[in-house]
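A quick note: this is a predicted structure, and the numbers were derived from the prediction, not measured. Counting convention: from 1, in listed order, for ligands and their atoms alike.
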Amino acid sequence: MRKHIFNAGPCKLSDSLLKNSAEAVLELNGIGQSLIEVSHRSKDFQAVMDETVELMKEVLSIPEGYSVLFLGGGASLQFAMIPYNFMKSKAFYVNTGTWSSKAIKEAKLWGEVVEVSSKDKNFTYYPKGYEIPKDVDYVHVTSNNTIAGTESFEDLDVNVPLISDMSSDFLSRPVDVSKYAMIYGGAQKNLGPAGATFIIIKDDFLNKVVADRPIPSMLQYGIHVDKGSMYNTPPVFNIFAIRETLRWVKSMGGVTAMEKLAKDRADLLYNAIDESNMFESPINKEDRSRMNIVFVMKEQYKALEADFIAFAGERNCVGIKGHRSVGGFRASTYNASTIEDVQALVQAMKDFEAKNA
Ligand code: PMP
C-alpha cells in the first residue's frame with residue numbers, strides 16, 4: 001500500500017512521474033537504450049531537455065528575456081554562486097530561518113550583508129514592511145521556509161534585482177516572474193527527485209550585474225546559459241522526471257489549480273490544529289506555510305509527541321516528525337499530496353486526542 005507521505009523533501013511525487021520515469025529507466029522511447037544509458041547529447045535526450053525548458057516557461061508563464069537552467073549542486077550551491085557572481089559590495093537578505101541563514105553565511109564571504117530577520121520570535125513570522133537600502137546589488141528572499149513553516153505569498157515590488165529561493169513552494173501558486181531577477185531551488189519538493197537545481201534567470205541581470213572577480217567556469221551562470229545546461233553532463237534522470245512533473249501540473253490545470261489544492265489541504269489541516277485541545281500551531285496565522293505545516297502539542301501533552309508519531313505511523317502517515325531544530329511535528333503537503341492524505345492525518349489526530357486527552 002502506498003503510504004500517506006508527509007516528508008519534507010525528498011517527498012511525495014506524482015504517480016505519473018513514478019510510472020513514466022520507471023519505464024524510461026528500462027527503455028526510452030523504444031530506442032533500445034535506457035534513459036540513463038543514452039548520450040545526453042543524443043536527439044532523444046535533447047528533446048527531453050527542450051520540452052522540459054518549454055514546459056517550465058509555459059506552466060509558470062515566464063516572460064521573454066529569461067533563461068531556464070537545470071544544474072547540479074542543490075540550492076545550497078546557489079547560496080554561494082549568487083554572491084560569487086552578483087555581489088559587488090553589498091546585498092540585502094531577508095533572514096527567515098535555517099536556509100536563509102546559510103545563504104547569508106555564503107554572501108558574507110564577498111561583502112556586506114544588510115539583514116532583516118524574524119529571529120527575535122524564533123522565525124515564527126515572515127518580516128514585512130522593512131526598508132531596503134538603494135545601494136544594494138540585490139535582495140534575497142526565501143519564499144517558503146521549509147523548517148520554520150512560514151511562507152510569503154507576495155511577489156515583492158523592489159527597485160533592485162530580486163532573487164528568491166523557491167525550493168519548497170515552487171509551482172504551488174502563480175508567480176509574477178517579471179518581478180524577479182532570479183528564482184531558484186532544489187527540485188526535491190514540488191518539482192521532482194533530489195539531484196537537480198532549477199534556475200530561472202533574467203538575461204539582463206546576467207549580462208549587466210557581474211561582480212569583478214575571476215569565477216571558475218562551473219560557477220558562472222553565463223556559461224551554463226550559453227551551453228543550455230550542458231556545459232557538463234546534466235542530471236539526465238532528474239530532468240526527465242521534472243518533465244513528468246511539469247506535464248502532470250499542466251494536465252491538472254496548472255499553477256492556479258495547484259494553488260487551490262494547496263489552500264484546500266492547508267485549510268483542512270490548520271483548521272484541525274486550531275480546533276484541537278491537544279495540538280497547536282506556533283506560527284503567526286497570516287504567515288503559515290501551505291507546504292510545511294508545523295505544529296506542536298500543547299504544554300500539558302508534550303510527553304505524548306513520540307506516541308503520536310507512532311500512532312500516525314500505524315495509520316500509514318509517515319514523515320511528520322518535526323525538524324530536529326524545531327521539534328514537534330511537520331506535515332509537508334506539497335503538490336502531489338492529496339486531500340485524502342491530509343484527511344488520514346486529521347483523522348489520526350482526532351482519534352489520538354479522543355483516546356489520550
Ligand atoms: N532552501 C530551502 C528553502 C530548502 O528547503 C532547502 C532544502 N530543504 C535548501 C534551500 C537546500 O537545498 P539543497 O539540499 O538542494 O541544497
Side-chain angles (χ1 to χ4, degrees), residues 5-13 69-84 91 93-107 115 117-119 123-127 138-156 162-173 175 180 182-200 218-219 224 229 234-235 237-239 241-242 245 262 283 287-294 319-326 330-337:
I5 301 169
F6 295 100
N7 296 332
C11 62
K12 187 170 181 189
L13 295 169
L69 299 174
F70 298 104
L71 306 178
S76 299
L77 182 61
Q78 297 308 304
F79 295 165
M81 271 173 79
I82 290 164
Y84 209 160
Y93 277 71
V94 181
N95 186 356
T96 43
T98 307
W99 299 110
S100 43
S101 302
K102 289 192 172 178
I104 289 169
K105 180 174 171 221
E106 303 300 324
E115 184 182 323
S117 165
S118 51
K119 204 173 177 174
F123 300 118
T124 53
Y125 71 100
Y126 205 101
Y138 61 84
V139 174
H140 182 281
V141 298
T142 310
S143 53
N144 182 70
N145 296 287
T146 325
I147 294 176
T150 63
E151 185 172 3
S152 164
F153 304 100
E154 200 188 355
D155 301 312
L156 292 179
L162 176 63
I163 300 178
S164 183
D165 172 358
M166 292 197 186
S167 292
S168 50
D169 62 350
F170 192 61
L171 298 184
S172 70
R173 67 171 175 92
V175 165
Y180 295 87
M182 179 174 161
I183 293 170
Y184 72 96
Q188 65 273 19
K189 287 105 164 58
N190 274 335
L191 198 55
T197 317
F198 63 89
I199 294 155
I200 301 165
M218 267 300 279
L219 304 186
H224 291 296
S229 301
F237 174 81
N238 303 69
I239 292 166
I242 288 171
T245 295
I283 310 298
D287 301 324
R288 288 174 170 181
S289 169
R290 294 176 192 145
M291 300 282 110
N292 307 100
I293 299 175
V294 167
I320 60 159
K321 193 173 187 325
H323 189 270
R324 58 195 176 279
S325 64
V326 177
R330 171 179 54 177
S332 296
T333 51
Y334 295 117
N335 280 354
S337 297

| message | Are the side chains of Ile82 and Met182 in contact, using a 4.5 Å heavy-atom criterion? | response | yes
| message | Pairing donors with acceptors under 3.5 angstrom, does anything connect the side chains of Asn292 and Asn144? | response | yes
| message | Just to be sure I read this right, does ligand 1 sit under 4.0 Å from the backbone of Ala75, its side chain, both, or neither, counting only heavy atoms? | response | both
| message | Under 4.0 Å, counting heavy atoms only: does Thr197 come that close to any atom of ligand 1? | response | no
| message | Check for me whether Arg288 meets the cation-pi criterion with Tyr126, that is, NZ or CZ under 6.0 Å from the six-membered ring centre and within 45 degrees of the ring axis. | response | no
| field | For Asn144, the ligand 1 atoms whose distance to one of its heavy atoms is below 4.0 Å | value | 3 (C)
| said: What I want to check is whether the side chains of Asn335 and Ser172 have a donor and an acceptor closer together than 3.5 Å. | reply: no
| field | Numbering as shown, the atoms of ligand 1 that approach Gly74 to under 4.0 Å (heavy-atom distance) | value | 15 (O), 16 (O)
| query | Do NZ/NE/NH1/NH2 and the carboxylate oxygens of Asp165 and Lys102 come within less than 4.0 Å? | reply | no
| task | Before signing off on this row, confirm whether Thr142 and ligand 1 have an N or O atom pair separated by under 3.5 Å. | result | no
| field | Nearest-contact summary for atom 16 (O) of ligand 1 - protein heavy atom, Å | value | Ser76 OG, 2.6 Å
| field | Protein heavy-atom partner closest to atom 11 (C) of ligand 1 - residue, atom, separation in Å | value | Trp99 CZ3, 3.5 Å
| message | For the backbone of Phe70 and the side chain of Ser229, can you confirm whether one donor and one acceptor N or O come within less than 3.5 Å of each other? | response | yes
| Any N or O on Ser168 sitting closer than 3.5 Å to an N or O of ligand 1? | no
| said: Aromatic contact between Phe170 and Phe198, with the criterion being ring centroids under 6.0 Å apart: yes or no? | reply: yes
| query | Any idea which atoms of ligand 1 are less than 4.0 Å away from a heavy-atom of Gln188? | reply | 12 (O), 13 (P), 14 (O), 15 (O)
| request: For ligand 1, note which part of Lys102 has a heavy atom under 4.0 Å away: side chain, backbone, both or neither. | output: neither
| task | Pick, from Met291, Gln78, Lys189, the option with the minimum heavy-atom distance to atom 8 (N) of ligand 1. | result | Lys189
| task | Below 4.0 angstrom from a heavy atom of Ser167, which ligand 1 atoms are there? Numbered from 1 as shown, please. | result | 1 (N), 2 (C), 3 (C), 4 (C), 10 (C)
| query | Is there a side-chain contact between Tyr125 and Ile283 (heavy atoms, below 4.5 Å)? | reply | no
| field | Minimum-distance protein heavy atom relative to atom 1 (N) of ligand 1 | value | Asp165 OD2, 2.6 Å
| atom 5 (O) of ligand 1: nearest protein contact (heavy atom, Å) | Thr146 OG1, 2.4 Å
| request: Of the side chain and backbone of Ile147, name the one, both, or neither that has a heavy atom under 4.0 Å from an atom of ligand 1. | output: neither
| Does some side-chain heavy atom of Lys189 sit less than 4.5 Å from a side-chain heavy atom of Asp169? | no
| note | On a heavy-atom basis, the closest approach of Ser167 and Gly186 is OG-N, 3.2 Å
